[in-house]
**Q** 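First, the structure itself, so that you have it in front of you.
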Amino acid sequence: MNDHYILLPANPLFIAFSLVVAFLLNLMPWGQMVGVPDFVALALVFWNIHQPRKVGISVAFLMGLLMDVNEATLLGENALAYTLLSYFAIMIHRRVLWFPLRTQALHVLPLLLLTQAVQLVVQLLVTGKFPHWFYFSESVISAILWPVVSLLLLAPQRRAINRDENRPI
C-alpha cells in the first residue's frame with residue numbers, strides 16, 4: 001500500500017470531533033486501568049504530525065487542562081506533558097510522514113514515553129509513590145494502535161481511487 005499520495009484538506013470539524021471522542025474515551029471508567037492507552041495523547045500526536053498548523057501546542061495545553069480536571073490531578077500535570085508531546089511531535093512531523101505506518105509507530109513511541117515520564121515525575125514529586133513498571137505499558141499499546149488510528153483518522157481525507165462522475169474530486 002502506497003502511503004504517499006495527495007490527501008484532501010482536513011476538516012476542522014472532524015479534527016475537533018476526533019479530539020472530543022478521544023477525550024470521551026479517556027472519561028470511560030477503564031481509562032485509569034493499567035495498559036489502557038491515553039487516547040487524548042494519541043489523537044494529539046496524530047494531529048500534531050499530520051496537521052501541525054491546525055492542532056498546535058495551545059490545543060494540547062487546553063486538552064491537558066481538561067484531562068487534569070477529569071483525573072483530579074495536580075493542575076497542569078497533563079497540560080505540561082501534552083505541551084511537550086506536541087512540541088516534539090511538531091518538531092519531527094516532516095520526517096515521520098515519510099515512513100510507513102509501522103516505522104511511524106516507532107517514532108511516536110518515544111514521544112508517548114516522554115509524556116508518561118513527565119506525568120510520572122510530577123506524581124513522584126507530589127505523592128512520592130512510584131506506581132509500577134507496567135505504568136509505561138500505555139505508551140507501548142498506543143504505539144501498537146498507531147497504524148489503526150492513522151487509518152481511521154485519515155479515512156475522510158482519502159481520495160477515491162476510481163473517479164466517479166457524480167463526485168467532483
Side-chain angles (χ1 to χ4, degrees), residues 15-52 54-155:
I15 294 172
F17 174 75
S18 67
L19 290 172
V20 168
V21 168
F23 181 70
L24 292 175
L25 285 172
N26 276 7
L27 289 179
M28 299 297 280
W30 44 267
Q32 299 295 329
M33 293 173 51
V34 175
V36 175
D38 185 355
F39 293 104
V40 172
L42 194 57
L44 279 173
V45 76
F46 175 83
W47 289 119
N48 287 146
I49 288 174
H50 287 275
Q51 296 293 326
K54 291 184 180 177
V55 179
I57 295 173
S58 58
V59 173
F61 182 77
L62 291 174
M63 293 298 290
L65 287 178
L66 287 173
M67 286 305 300
D68 288 333
V69 171
N70 170 47
E71 295 176 356
T73 59
L74 186 65
L75 192 63
E77 174 186 328
N78 288 312
L80 173 65
Y82 290 166
T83 302
L84 289 173
L85 171 74
S86 291
Y87 173 75
F88 289 116
I90 290 170
M91 264 183 51
I92 66 169
H93 83 276
R94 289 182 187 223
R95 180 177 67 189
V96 171
L97 291 175
W98 282 102
F99 292 108
L101 288 176
R102 290 181 184 165
T103 310
Q104 286 180 14
L106 293 176
H107 281 81
V108 167
L109 179 61
L111 298 175
L112 296 169
L113 285 171
L114 172 73
T115 303
Q116 279 199 286
V118 168
Q119 293 169 336
L120 179 66
V121 167
V122 171
Q123 289 174 5
L124 282 174
L125 290 173
V126 173
T127 64
K129 296 178 185 175
F130 183 78
H132 42 74
W133 287 107
F134 291 117
Y135 176 78
F136 292 105
S137 65
E138 287 180 20
S139 296
V140 175
I141 293 171
S142 294
I144 292 169
L145 288 176
W146 178 260
V148 175
V149 169
S150 294
L151 291 174
L152 284 174
L153 293 179
L154 285 178

**Q** Would you mind reporting whether Q123 and Y135 have side-chain heavy atoms less than 4.5 Å apart?
**A** yes
**Q** Any side-chain heavy-atom pair from V20 and L24 closer than 4.5 angstrom?
**A**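 The answer is yes, as the side chains (C-beta and beyond) meet within the 4.5 Å cut-off.
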**Q** Under 3.5 Å, which donor-acceptor pairs do the side chains of residues 148-155 form with other protein atoms, sequence neighbours left out?
**A**
from : atom 1 : to   : atom 2 : distance (Å)
S150 : OG     : W146 : O      : 3.0
S150 : OG     : W146 : NE1    : 3.4

**Q** Identify, with sequence neighbours excluded, every residue that meets side-chain contact (heavy atoms from CB on, under 4.5 Å) alongside I144.
**A**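 Testing I144 for side-chain contact (heavy atoms from CB on, under 4.5 Å), a comparison that skips the adjacent residues, returns V140.
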**Q** Please name the pair of heavy atoms, one in E77 and one in T73, separated by the smallest distance, quoted to 0.1 Å.
**A**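 It is OE1-CB, 3.5 Å.
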**Q** Using every non-hydrogen atom in the two residues, find where N48 and V55 come nearest and quote the distance to one decimal.
**A**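 Residues N48 and V55, closest heavy atoms: ND2-O, 2.5 Å.
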**Q** Restricting to side chain to side chain donor-acceptor pair (under 3.5 Å), what partner residues turn up for T103, sequence neighbours left out?
**A**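 Partners of T103 by the side chain to side chain donor-acceptor pair (under 3.5 Å) criterion come out as none, since no residue qualifies.
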**Q** From the options S137, S142, S139, select the one residue that forms a side-chain hydrogen bond (donor to acceptor under 3.5 Å, both in side chains) with Q116.
**A**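 The option that passes is S139.
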**Q** Which residue pairs pass the side-chain hydrogen bond (donor to acceptor under 3.5 Å, both in side chains) test when at least one of the two sits in residues 106-115, sequence neighbours left out?
**A** none
**Q** Distance from W47 atom CH2 to K54 atom NZ, nearest 0.5 Å?
**A** 8.5 Å
**Q** Please identify each residue that fulfils ring-ring contact (aromatic ring centres under 6.0 Å, His included) with H50, with sequence neighbours left out.
**A**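 H50: ring-ring contact (aromatic ring centres under 6.0 Å, His included) contacts with F46.
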**Q** Considering non-hydrogen atoms only, spot the tightest contact between E138 and G35 and give its length.
**A** CG-N, 4.2 Å
**Q** Are the side chains of L65 and L75 in contact, using a 4.5 Å heavy-atom criterion?
**A** yes
**Q** To the nearest 0.5 Å, what is the distance between CG (L25) and CG (D38)?
**A** 10.5 Å
**Q** By side-chain contact (heavy atoms from CB on, under 4.5 Å), which residues pair with L124, not counting sequence neighbours?
**A** L120, F130
**Q** Quick check: closest heavy atoms across D68 and G76, and the distance to 0.1 Å?
**A**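 Heavy atoms only, the tightest pair is OD2-N, 2.7 Å.
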**Q** Provide the closest heavy-atom pair for N26 versus P37 in the form atom of the first, atom of the second, distance.
**A** OD1-O, 3.9 Å
**Q** Could I get the full list of side chain to side chain donor-acceptor pair (under 3.5 Å) partners for Q51, not counting sequence neighbours?
**A**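 Not a single residue meets the side chain to side chain donor-acceptor pair (under 3.5 Å) criterion with Q51.
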**Q** Say you draw a straight line from CD1 of I92 to CD1 of I49; how long is it, rounded to the nearest 0.5 Å?
**A**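 Those atoms lie 5.5 Å apart.
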**Q** Under the side-chain contact (heavy atoms from CB on, under 4.5 Å) rule, collect the residues that match up with A60, sequence neighbours excluded.
**A**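 For A60 the side-chain contact (heavy atoms from CB on, under 4.5 Å) partners, ignoring immediate neighbours, are L44, Y82, S86.
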**Q** Can you list everything that forms a side-chain contact (heavy atoms from CB on, under 4.5 Å) with T83? Sequence neighbours excluded, please.
**A** I57, F61
**Q** Looking only at heavy atoms, which two atoms of L112 and A41 are closest? And how far apart?
**A**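 That closest heavy-atom pairing would be CD2-CB, 4.1 Å.
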**Q** Can you tell me how far the CZ atom of F23 sits from the CG atom of L66, to the nearest 0.5 Å?
**A**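 It comes to 5.0 Å.
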